[in-house]
2 protein chains.
Amino acid sequence: MVTRDHAQARVAVDLVVFTIRGGLLHLLLVKRGNPPFRHRHALPGGFVRRGEDLLDAAVRELREETRLDANLFHIEQVHTYGAPKRDPRGRIFSVAYLAIVPNLPTPVGGTDALSAHLVPVAKVGKLAFDHNKIVTDALEVARTKLEYTTLAVSFCPETFTITDLRKVYEAVWERELDARNFHRKVLATQGFVVDAHRKRASPAGRPPAEYRAGKAIALHPPMLRSSY
Amino acid sequence: MVTRDHAQARVAVDLVVFTIRGGLLHLLLVKRGNPPFRHRHALPGGFVRRGEDLLDAAVRELREETRLDANLFHIEQVHTYGAPKRDPRGRIFSVAYLAIVPNLPTPVGGTDALSAHLVPVAKVGKLAFDHNKIVTDALEVARTKLEYTTLAVSFCPETFTITDLRKVYEAVWERELDARNFHRKVLATQGFVVDAHRKRASPAGRPPAEYRAGKAIALHPPMLRSSY
DNA sequence: GCAAAAGTGTTGCAGGTACACCCATGA
DNA sequence: TCATGGGTGTACCTGCAACACTTTTGC
């Protein structure tokens, strides 16, 4: 190609970080410290550095924001956004990553952010750029992945109970599940969870058994939310 | 950010175009006319232009390559590849698109390609750049989407028989299906296909009824390939 | 014992597989 | 009437939803 009619562009990663607090799905947001959209909430993220791969950039940004070790969270690419005017600073493509972390520690502000907060997804307001669309897309991916994969355990600490796991599904799907059928189904699915041979002290009622994440990644059969 | 340690980059789209010929899944490949990887097979694609959105760039490239009208094929974004050294020309991010076309007309060479061919996916050799990885990823997406969506009709011409549709599944999954159960299941799934009230002349046997694509996008219940 | 939460048994139904069988056409 | 592929009926099996019921703890 002789004429350079293609764009010289910058490429950023944006992070949709979900965690669960108090039975509700929360999203990690930062308050922007610089224009454009100064003081507006936005997704954490930043530019991909020279010589840096996309996933590495996403992991780096998440670590800067949460101080979490890379093997303590789930992260995967979701979609890339490239509308010509999505960012007033120029041509910026954004590769969105979905991250899921167990019981996130109190977040800290990053380089470009005034502060970071966890916000219940139901209360997320108008965000900077096209970030509302990015959140919607990532949430749909997370909801679908709970059906066919063991992704839900990524929301849980190292050991957890079946009820903990069920509350993950209920928070993400915003839908109640039958505790008894759920219990049976999780234990019947090979590799979903493995017995930790411990009981948790409980404030009331029979103490539940604790489990760890199993080795399976895909669920056979899936946990369908359909049956509307 | 004061220091510009992030990459100034170019962004390209690469197309994984599938079609079915003679009951086999085929992939559209071009022979590169310019370095790097000159004379090597590669995915069709090209740089995103100034002021052009990602999907528009992918549709444009596909039209240039196949002369097909935009509403005659299915296209969707799959994944973005950004390893620092994936392209020897410099920092180039590639957004991969999966496209599915019915009975592709003979392809033509594009601006950057010597020629274009349809190759059975089983016979795809070593491709330029990281394109083998891109094809593998896109194929897995296509296989999965056949389970949960009506994507298979995108491989079919305007009117088709249930057997045509079944052969799509068999080609993509590389697995034979029971014709009788498949038939019943497709007709039982609301909105998958609608009766075209025509019969096709057949060389032997009872003439099959013809159908058109229905309005449904998702399949309830899904067409599971599992049951290994 | 009573409350509370964990965990099990059972029944009815929806949907899948396997395969016997009937239908419509050309030669 | 036979071969061929389209299409239907049916029997068996798996897996889920619903919900009654039992178990194990703290008070």
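Residue numbers start from 1 in every chain, and the chains themselves are labelled A, B, ... in the order their sequence lines are given, proteins ahead of strands.
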* Asked: Counting just side-chain N and O atoms, does A/His183 come under 4.0 Å of either OP1 or OP2 of C/dA6?
  -> no

* To do: Give A/Ala209 one of three labels, base, sugar-phosphate or nothing, depending on what nucleic acid heavy atoms sit under 4.0 Å from its own.
  => sugar-phosphate

* Asked: Whole-Å distance between C/dA5 P and A/Arg206 CZ?
  -> 14 Å

* May I have the distance from B/Asp178 (atom CG) to D/dT8 (atom P), rounded to whole angstrom? => 14 Å

* Asked: Side-chain N or O of A/Thr163 less than 4.0 angstrom from OP1 or OP2 on C/dA6?
  -> yes

* **salt bridge (Lys or Arg N to Asp or Glu O under 4.0 Å) involving A/Arg40 - partner list, sequence neighbours excluded** => none

* Qualifying residue for side chain to side chain contact (heavy atoms under 4.5 Å, CB included) with B/Tyr211, from B/Val186, B/Val194, B/Thr161, B/Ile162 -> B/Ile162

* Structure fact -> Between CG of B/Asn181 and C1' of C/dG15 the distance, given in whole Å, is 11 Å

* Please name all residues satisfying salt bridge (Lys or Arg N to Asp or Glu O under 4.0 Å) with A/Asp178, sequence neighbours left out, ordered by chain then number. => A/Arg180

* To do: Please determine if a side-chain N or O atom of B/Lys185 lies less than 4.0 Å away from the OP1 or OP2 oxygen of C/dG15.
  => no

* CG of B/Leu187 versus C1' of C/dG15: gap in Å, rounded? -> 16 Å

* Measure from the ring center of B/Phe93 to the ring center of A/Phe93 and say whether it is less than 6.0 Å. => no

* Asked: Starting at the 5' end of DNA chain C and moving along, which residue's nearest nucleotide shows up first, B/Met223 or A/Gly205?
  -> A/Gly205

* **N or O in side chain of B/Lys199 less than 4.0 angstrom from C/dA24 OP1/OP2** => no

* Structure fact -> 5'-most contact on DNA chain D (nearest-nucleotide basis), A/Ala204 vs A/Pro222, goes to A/Pro222

* Asked: Whole Å only: how far is the CZ atom of A/Arg184 from the P atom of D/dA20?
  -> 14 Å

* Nearest whole angstrom, please: distance from the C1' of C/dC19 to the CZ of B/Arg180. => 6 Å

* To do: Before accepting this row, confirm whether a basic side-chain N of the pair B/Lys133/B/Asp137 lies closer than 4.0 Å to the acidic partner's carboxylate O.
  => yes

* Structure fact -> Atom CZ of A/Phe182 and atom P of D/dC16 are separated, to the nearest Å, by 12 Å

* In whole angstroms, how far is the P atom of D/dG15 from the NE2 atom of A/His220? -> 12 Å

